[in-house]
Amino acid sequence: MAISLCFSPLTSTPKHYSRIPLYKPINPIITLTTPKILNPNFKKVNCVPENSQNLSVIQEKPRWENWVSIAESLYPVYVTVGGVVACLKPSTFSWFVKCAPTSYSLGLWFIMLAMGLTLEIKELTNLLLQKPLSILFGCAAQYTIMPTLGMILSKILGLPPSISVGLILLACCPGGTASNVVTLIAQGDVPLSIVMTACTTIGAVVLTPMLTMILAGTYVPVDAVKLSISTLQVVVVPILLGSYLQHKFPKVVKKITPFAPLLAVLAISLVSASVFSENVGRLRSSVVGMSFSSDLPLLSRAQNVLASEFGLVAVSVASLHFAGFFVGYLSAALAGFSEPQRRAVSIEVGMQNCTLGVVLATSHFSSPEVALPAATSVIIMNIMGSCLGFFWRCINPTKPKSSLEVTDKS
């Protein structure tokens, strides 16, 4: 933060001076004006050197980094386009699907590695010390609200066993990196969202398999130990490796870091679209078979579509995320959190790591239907989250502050 001081000669001067509020400069070029002097005998003293290059100012990001950030924020667009392509031409992703589930695991491994490269352990520790209650509350909400909603919805909607297991598995997954992007769009507490994602991801090694076994074990056998090992391999190990590389080779990682989120976003989109394309054939055939096989009224056809396998999956997934957003925000409001924190908790609770759900479903369950909720969630969740983020972006989360108020956290 650049601060300039103005000095005046010690003569018989007025006792009151006009106060200039300190502020944090936004643009790299700063122009300061000398305050009006009441005594005409005063001599003006330059507060700022003529050579403005000598000033210590905040440098703006290079233009290419801004373009990379914009490309990263278009994640919902990538996922939606991938879903449309998967519906119209599933063979587009056949080269990636043929290598599944290894390709899915490697894709998730790369995503978590990119997250580790951008996550400094020191910063994570500082944030944990600054907001311990908020982070603890958010993590607890993640692993209580969503799993409970998944179990309740599977019973209310009368889902088949395989889809019920897939919905519960999805609900027991940690928050995904997409929630950080949506929180940024929604003007929420981004640091809180990032730390919640990191903590719930690390906790997924134990909590995701344990909760899935408890809630879904009545439908099909669930091997919690194998689920834990897989989660450890594809989630925690790459995050720790990324953090180690950042500490060991800071100069190299510094050059890669600006591109890491964008590469992670593209990898998530590829995995999501591939899984969706793998299952879209059966979903599409079930819809066509039920809704266009006879000359029924439009309302009856719509009811048939909702009663089909695709309809059940879509309704259950949409209901899960909608309830997660609502209950997450409500719980944070009741706990007395600020509006930015409420938005961060709501988005973090409502948006899951669908890629992890897909990897675990395809690796540990014989029925392909178990992966359907996670694969469908990729499209539905991001569309709902993006709409919520842009809605909140139109509403200022903070009260207007006085122009003289200074908040310096640099």
Side-chain angles (χ1 to χ4, degrees), residues 66-88 111 114-115 138 142 145-146 149 170-171 173-194 196-197 200 261-277 280 313-330 332 339-358 373-397:
N66 292 329
W67 284 109
V68 170
S69 298
I70 293 173
E72 173 195 344
S73 65
L74 296 176
Y75 165 67
V77 177
Y78 305 146
V79 173
T80 304
V81 171
V84 172
V85 174
C87 285
L88 300 178
I111 295 164
M115 180 179 175
Q142 176 74 60
I145 294 175
M146 292 301 279
L149 290 173
L170 171 65
C173 286
T177 54
S179 61
N180 309 143
V181 178
V182 175
T183 301
L184 178 64
I185 295 173
Q187 302 184 69
D189 192 331
V190 178
L192 175 60
S193 175
I194 293 173
M196 282 180 60
T197 300
T200 56
L262 176 59
L263 294 175
V265 161
L266 294 176
I268 295 173
S269 303
L270 174 61
V271 174
S272 304
S274 299
V275 176
F276 192 67
S277 68
V280 73
V313 173
V315 170
S316 61
V317 168
S319 301
L320 176 67
H321 292 299
F322 177 82
F325 289 132
F326 178 76
V327 179
Y329 183 89
L330 183 62
E339 179 63 22
Q341 291 177 331
R342 296 177 191 178
R343 296 182 182 185
V345 172
S346 172
I347 294 169
E348 192 68 25
V349 170
M351 300 188 71
Q352 309 299 100
N353 190 337
C354 305
T355 312
L356 176 62
V358 168
T376 309
S377 171
V378 174
I379 310 297
I380 295 177
M381 177 192 72
N382 284 285
I383 293 176
M384 294 178 66
S386 300
C387 292
L388 179 61
F390 283 111
F391 170 77
W392 267 333
R393 190 174 186 84
C394 300
I395 304 174
N396 191 350

**Asked** Does V84 have any side chain to side chain contact (heavy atoms under 4.5 Å, CB included) partners at least two apart in sequence or in another chain, and if so, which?
**Response** L88

**Request:** Would you give the length of the straight line joining atom CD1 of I380 to atom OG1 of T80, rounded to the nearest 0.5 angstrom?
**Result:** 11.0 Å

**Prompt:** Between atom CZ of R343 and atom CZ of F325, what is the distance when rounded to the nearest 0.5 Å?
**Reply:** 13.5 Å

**Request:** May I ask you to decide if A71's main-chain N or O and Y78's side chain share a donor-acceptor pair within less than 3.5 Å?
**Result:** yes

**Value rounded to 0.5 Å, distance of CD in Q142 from OG in S179** = 8.0 Å

**Fill in**
Contacts of I145 meeting side chain to side chain contact (heavy atoms under 4.5 Å, CB included) (sequence neighbours excluded), chain-then-number -> A141, L149, V327, S331, V349

**Prompt:** Any side-chain heavy atom of M146 within less than 4.5 Å of one from L320?
**Reply:** yes

**Message:** Under the rule for ring pair (Phe, Tyr, Trp, His ring centres under 6.0 Å), what residues qualify as partners of Y329, not counting sequence neighbours?
**Reply:** W392

**Fill in**
In this structure, CZ of R393 is separated from OG of S386 (nearest 0.5 Å) by 12.0 Å

**Asked** Can you find a pair of side-chain heavy atoms, one from V85 and one from V81, that are under 4.5 Å apart?
**Response** yes

**Message:** Show every salt bridge (charged side-chain N to carboxylate O under 4.0 Å, His left out) that has at least one partner inside residues 173-192, sequence neighbours left out.
**Reply:** K131-D189

**Message:** List the residues meeting side chain to side chain contact (heavy atoms under 4.5 Å, CB included) with A332, not counting sequence neighbours, and say none if there are none.
**Reply:** F137, F337, R342, V345

**Message:** Looking at T197, is its backbone amide N or carbonyl O close enough to the side chain of T200 to form a donor-acceptor pair, meaning the two atoms are under 3.5 Å apart?
**Reply:** yes

**Request:** Just jot down the side chain to side chain contact (heavy atoms under 4.5 Å, CB included) partners of V182, sequence neighbours excluded, or say none.
**Result:** I347, M351

**Request:** With rounding to the nearest 0.5 Å, note down the distance linking OG in S346 to CD in Q341.
**Result:** 13.5 Å

**Asked** Any side-chain heavy-atom pair from Q352 and H321 closer than 4.5 angstrom?
**Response** yes

**Asked** At their closest point, which heavy atom of V317 faces which heavy atom of P373, and how far apart are they?
**Response** CG2-O, 3.6 Å

**Request:** Report the distance from atom SG of C354 to atom CD1 of I379, rounding to the nearest 0.5 Å.
**Result:** 9.5 Å

**Prompt:** Where do G357 and A374 come nearest, in terms of heavy atoms and distance?
**Reply:** C-CB, 3.9 Å

**Request:** For the residue pair F326 and F322, categorise the inter-ring angle as parallel (less than 30°), tilted (30 to 60°) or perpendicular (more than 60°).
**Result:** parallel

